[in-house]
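Presented below is the structure to which this report refers.
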Amino acid sequence: QAQLEESGGGLVQTGDSLRVSCAGIGRTLVDFNMAWFRQAPGKEREFVACINWNGASTSYADFVKERFTISRDHAKNTVNLQMDSLKPEDTAIYSCARSRLYATTCGRAIGDYDSWGQGTQVTVSS
């Protein structure tokens, strides 16, 4: 399993932007589909966005469409999530995950991923 490390979380206000990043430590992310999930206090982990191995295909949860953008940088071995127009309900721990499946398109199911980072806290104040 790969070691994943998130960074970039923080405290922002409603309407602000924030960019979180996920770096592969010791293992390449280049050949794998990647995803971001989030978990708010008292709630289950939920899918946010995913990107396929070459960046040609992405998928987003309905609640972040038009606001969040997932991207990847193969040279830096990172996957990023640009979050714009943040809302208080976006407050959660954001975790990146590496897929256990080799597929053309990325999946939305937690079970599709077998390597997870510790997460980074994003807090949006009203």
Side-chain angles (χ1 to χ4, degrees):
Q1 295 183 346
Q3 181 177 349
L4 305 176
E5 187 174 272
E6 300 93 342
S7 62
L11 172 64
V12 297
Q13 296 183 334
T14 297
D16 284 351
S17 297
L18 198 62
R19 184 171 181 261
V20 292
S21 294
C22 171
I25 307 301
R27 294 288 297 273
T28 181
L29 305 179
V30 169
D31 297 327
F32 297 89
N33 296 338
M34 298 291 297
W36 285 94
F37 289 79
R38 72 184 187 185
Q39 187 167 20
K43 296 187 177 181
E44 294 186 351
R45 179 177 286 177
E46 63 181 354
F47 169 80
V48 176
C50 69
I51 186 166
N52 80 326
W53 67 276
N54 65 359
S57 176
T58 58
S59 181
Y60 296 91
D62 287 343
F63 55 78
V64 302
K65 282 182 178 178
E66 309 298 332
R67 299 191 299 124
F68 291 11
T69 304
I70 190 171
S71 63
R72 64 190 308 161
D73 187 330
H74 283 170
K76 295 181 179 179
N77 203 31
T78 60
V79 177
N80 308 302
L81 185 68
Q82 175 67 38
M83 303 182 288
D84 299 321
S85 302
L86 282 162
K87 306 174 182 180
E89 52 263 43
D90 293 319
T91 294
I93 295 175
Y94 284 73
S95 300
C96 64
R98 193 191 76 170
S99 179
R100 63 180 181 84
L101 304 173
Y102 289 92
T104 303
T105 57
C106 56
R108 296 175 167 228
I110 291 175
D112 290 343
Y113 300 87
D114 64 355
S115 293
W116 295 80
Q118 291 296 313
T120 185
Q121 177 70 48
V122 172
T123 303
V124 185
S125 65
S126 58

All side-chain hydrogen bond (donor to acceptor under 3.5 Å, both in side chains) counterparts of [X], not counting sequence neighbours:
X	answer
Asn52	Asn54
Asp112	none
Ser17	Asp84
Asp73	none

* **Thr105 versus Ser57, closest heavy-atom pair with distance** =>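 Minimum heavy-atom separation between Thr105 and Ser57: CG2-OG, 4.0 Å.
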* Asked: So, for Val12 and Leu86, which heavy atoms are closest and what is the spacing to 0.1 Å?
  ->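 What the structure gives for the nearest pair is CG2-CD1, 3.7 Å.
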* Looking at side-chain heavy atoms only, is the closest gap between Val20 and Met83 below 4.5 Å? ->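 Touching, per the 4.5 Å side-chain cut-off.
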* Asked: Got Asn77 and Thr28 here, is their nearest side-chain heavy-atom distance under 4.5 Å?
  ->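 Yes - at least one pair of side-chain heavy atoms lies under 4.5 Å apart.
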Atom pair [atom1]/[atom2] of [X] and [Y] - distance to nearest 0.5 Å:
X	Y	atom1	atom2	value
Ser21	Leu4	OG	CG	12.5 Å
Gln13	Ser125	CD	OG	4.5 Å
Gln3	Ser115	CD	OG	10.0 Å
Ile51	Ser59	CD1	OG	11.0 Å
Met34	Leu29	CE	CG	4.5 Å

* How would you list, by chain and number, every residue that makes a side chain to side chain contact (heavy atoms under 4.5 Å, CB included) with Ser126, sequence neighbours excluded? ->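 If we apply the side chain to side chain contact (heavy atoms under 4.5 Å, CB included) test to Ser126, skipping adjacent residues, the hits are Thr14, Pro88.
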* Identify, with sequence neighbours excluded, every residue that meets side chain to side chain contact (heavy atoms under 4.5 Å, CB included) alongside Gln121. =>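 Expected list: Thr91, Ile93, Thr123.
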Only counting residues at least two apart or in another chain, list the ones meeting salt bridge (Lys or Arg N to Asp or Glu O under 4.0 Å) with [X].
X	result
Glu89	none
Lys65	Asp62
Arg72	none
Arg67	Asp90

* To do: Can you tell me which residue pairs pass the disulfide bond (SG atoms under 2.5 Å apart) test with a partner in residues 26-72, sequence neighbours excluded?
  =>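 Matches after skipping sequence neighbours: Cys50-Cys106.
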* **Glu5 atom CD: more than 12 heavy-atom contacts under 6.0 Å** =>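 Not buried by this count: 12 neighbours or fewer within 6.0 Å.
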* In terms of heavy-atom contacts, does CD of Gln118 have more than 12 from other residues, nucleotides or ligands at under 6.0 Å? ->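 No, because the 6.0 Å sphere around CD of Gln118 holds 12 heavy atoms or fewer from other groups.
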* Should Ile70 and Val79 be marked as a side-chain contact (heavy atoms from CB on, under 4.5 Å) after you check the CA-CA gap, both sets of side-chain angles, and the distance that decides it? -> CA-CA 7 Å; Ile70 190 171; Val79 177; 4.0 Å; yes
* **Main-chain N/O of Ala103 paired to Asn33 side chain as donor or acceptor, under 3.5 Å** =>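 Checked: pair present.
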* Taking only residues at least two apart or on different chains, which pairs with a member in residues 27-66 satisfy ring-ring contact (aromatic ring centres under 6.0 Å, His included)? ->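 Listed once each, the pairs are Phe32-Tyr102, Phe37-Phe47, Phe37-Tyr113, Phe37-Trp116.
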